[in-house]
2 protein chains.
Amino acid sequence: MITSDRFAELRKLHGPLERDSVVEPAADRLRNLIIEGHLQPGEKVPDDIGKEYLGVARNTQREACRMLVHERLLTQQLNRGFFVRMPTREDVGDVFHVRRLIELQAMRAGFDTAGANRVFEAVEAGEEAKSELDFAGVGTANMRFHRAISALLGSERINTMMSQVLAELRLVFHAMSDAREFYLPYLPRNREIAETLLVKRDAPAAERLLTQYLDDAERQLLDVYPG
Amino acid sequence: MITSDRFAELRKLHGPLERDSVVEPAADRLRNLIIEGHLQPGEKVPDDIGKEYLGVARNTQREACRMLVHERLLTQQLNRGFFVRMPTREDVGDVFHVRRLIELQAMRAGFDTAGANRVFEAVEAGEEAKSELDFAGVGTANMRFHRAISALLGSERINTMMSQVLAELRLVFHAMSDAREFYLPYLPRNREIAETLLVKRDAPAAERLLTQYLDDAERQLLDVYPG
DNA sequence: GATTGTCAAATCGTCCCACAATCCTATACC
DNA sequence: GGTATAGGATTGTGGGACGATTTGACAATC
């Protein structure tokens with residue numbers, strides 16, 4: 001259940017909302033609330049977090065929610081309101097389907113040093129988070145790694161697709177009881193993939209590694225994810 | 001410039017708006033207005049088509065517009081309102097980038113008879129439209145063909161991505177002066193691709209054909225598309 | 001004649017309130 | 001114990017208000 005205190009508290013933490021347009025930043029905040037798990041999958045998004053946390057009117061919050069519905073982070077049930085999306089097992093399969101399509105193809109794309117750097121930065125961010133036992137950070141870094149990988153394709157559209165798909169995947173983790181350490185064993189594999197592709201420049205091998213990675217992650221996830 | 005008469009006229013044509021939720025159907029109508037070219041790229045979407053054409057309040061129309069911004073059909077300029085998106089040349093390149101990613105991969109996917117049927121239905125719809133000199137119909141059928149192709153991948157997410165990308169491509173055509181007959185020469189190639197893939201079952205050959213198709217279409221488009 | 005400055009009208013972004021439709025809950029009844 | 005029902009809460013949408021911003025015209029200045 002959601003209490004007003006919670007949002008008053010968060011609002012105090014994040015400060016008031018200030019920028020030119022109001023809807024986008026409001027949507028950003030809501031998105032973060034969801035991605036970081038402050039709003040659990042299945043949980044209702046009350047109609048007036050707007051006033052309490054975001055400091056925007058009901059209409060405005062609705063616009064923001066509508067955007068997040070479009071991003072598959074929320075669902076809307078008529079006359080019942082907005083809820084944090086609860087991905088099904090099929091959704092998980094589909095997410096990995098898309099990831100295979102994009103990420104494996106990215107292995108075959110060319111790359112420049114800037115792109116390679118972003119990949120390695122993500123790898124290192126993950127390892128650093130691991131050393132600090134910052135599990136949320138590990139998850140974020142992992143997302144970043146895979147976004148960096150798909151960014152090698154150099155398509156703005158694909159980047160946003162990938163961001164959305166990975167955000168949706170976060171919902172899956174928040175819907176599981178114990179997902180904290182899920183990504184830990186995958187960190188070394190991230191590095192291996194990065195080095196195979198970007199240093200050794202053995203794309204086919206990297207593709208095989210990534211295929212294994214995705215297969216393993218999907219299976220492991222589906223093993224514990226409730227229907 | 002937009003006149004009220006125009007929307008009154010369209011409203012009479014399309015009838016009043018009726019369904020459970022109101023925003024989605026309103027967005028659907030706006031989307032059609034754009035896809036069918038009644039609203040030209042670059043044109044402003046007045047803040048109150050809502051009342052005049054959609055029969056919804058300003059707030060509601062805003063929500064609908066916001067959705068279409070998310071679909072890349074509209075852009076929003078602060079304090080100036082919503083405009084039909086005007087794709088750049090880079091956008092065109094990126095659209096084809098995504099299409100290659102998806103459609104070429106679809107050549108390698110398996111398929112069932114239902115999927116194959118949808119492809120051939122689209123091919124035939126195109127040929128029929130051609131025989132009736134219905135150029136708009138040819139364009140629609142072509143969209144349908146490529147959606148059917150990418151649907152072979154069997155991913156809900158990819159289907160919607162593809163729909164969006166193709167809708168965006170329509171903007172490109174509406175932004176050109178003379179795009180009527182653009183797709184005519186591509187109809188036989190659609191059939192050839194379909195038969196190579198689904199009847200002869202020569203996926204590599206189909207992939208080559210489709211690669212050629214996409215390369216040609218992109219080049220031909222960029223040749224005439226203004227910067 | 002071109003640039004700049006000013007001002008009014010139009011439009012936009014947002015908030016606020018109203019009200020019907022719907023859902024939720026708890027109480028009463030069988 | 002289960003079902004019906006009434007009342008309250010919440011949602012979806014309409015419509016208006018108001019400040020902020022843009023736009024376009026017109027005057028002032030270089």
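In this text, all values refer to a predicted model and were calculated from it rather than measured experimentally. Every chain is numbered from 1 and lettered A, B, ... according to where its sequence line falls, protein lines coming before strand lines.
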Please tell me if B:Gln76 has a side-chain N or O lying less than 4.0 Å from either OP1 or OP2 of C:dG13. yes

- prompt: Can you find a donor-acceptor pair, distance only, under 3.5 Å between A:Arg58 side chain and D:dG12 base?
  reply: yes

Does A:Arg99 count as lying over the ring of A:Phe96, i.e. NZ or CZ under 6.0 Å from the six-ring centre, within 45 degrees of the axis?
yes

One should read off an interatomic distance between B:Met86 CE and B:Thr75 OG1, to the nearest 0.5 angstrom, of 10.5 Å

Is the closest side-chain donor-acceptor distance between A:Thr140 and A:Arg170 under 3.5 Å? yes

To the nearest angstrom, the CG-P distance between A:Leu74 and D:dT11 comes to 13 Å

D:dT10 OP1/OP2 closer than 4.0 Å to side-chain N/O of A:Lys44: no

Rounded to whole Å, the CG-C1' distance (B:Asp48 to D:dG14) equals 14 Å

Notebook entry, point to check: Counting just side-chain N and O atoms, does A:Ser21 come under 4.0 Å of either OP1 or OP2 of C:dT14?
Noted result: yes

Would you classify A:Glu63 as touching base, sugar-phosphate or nothing, given that sugar-phosphate means primed atoms plus P, OP1 and OP2, and contacts are heavy atoms under 4.0 Å?
nothing

- Message: Should the side chain of B:Asn59 and the base of D:dG15 be counted as holding a donor-acceptor pair, with the cut-off at 3.5 Å?
- Response: yes

A:Asp47 atom CG is separated from C:dC24 atom P, nearest whole Å, by 14 Å

Here the distance between atom P of D:dG16 and atom CZ of B:Arg62, to the nearest Å, is 17 Å

Whole-Å distance, A:Gln61 CD to C:dC16 C1', equals 15 Å

Donor-acceptor pair between A:Tyr213 and A:His146 side chains, under 3.5 angstrom:
yes

Sorted by position of nearest nucleotide on DNA chain D, 5' first, the leading residue of B:Asn79 and A:Arg80 is A:Arg80

note: B:Leu78, atom CG; D:dT23, atom C1'; distance rounded to Å ~ 15 Å

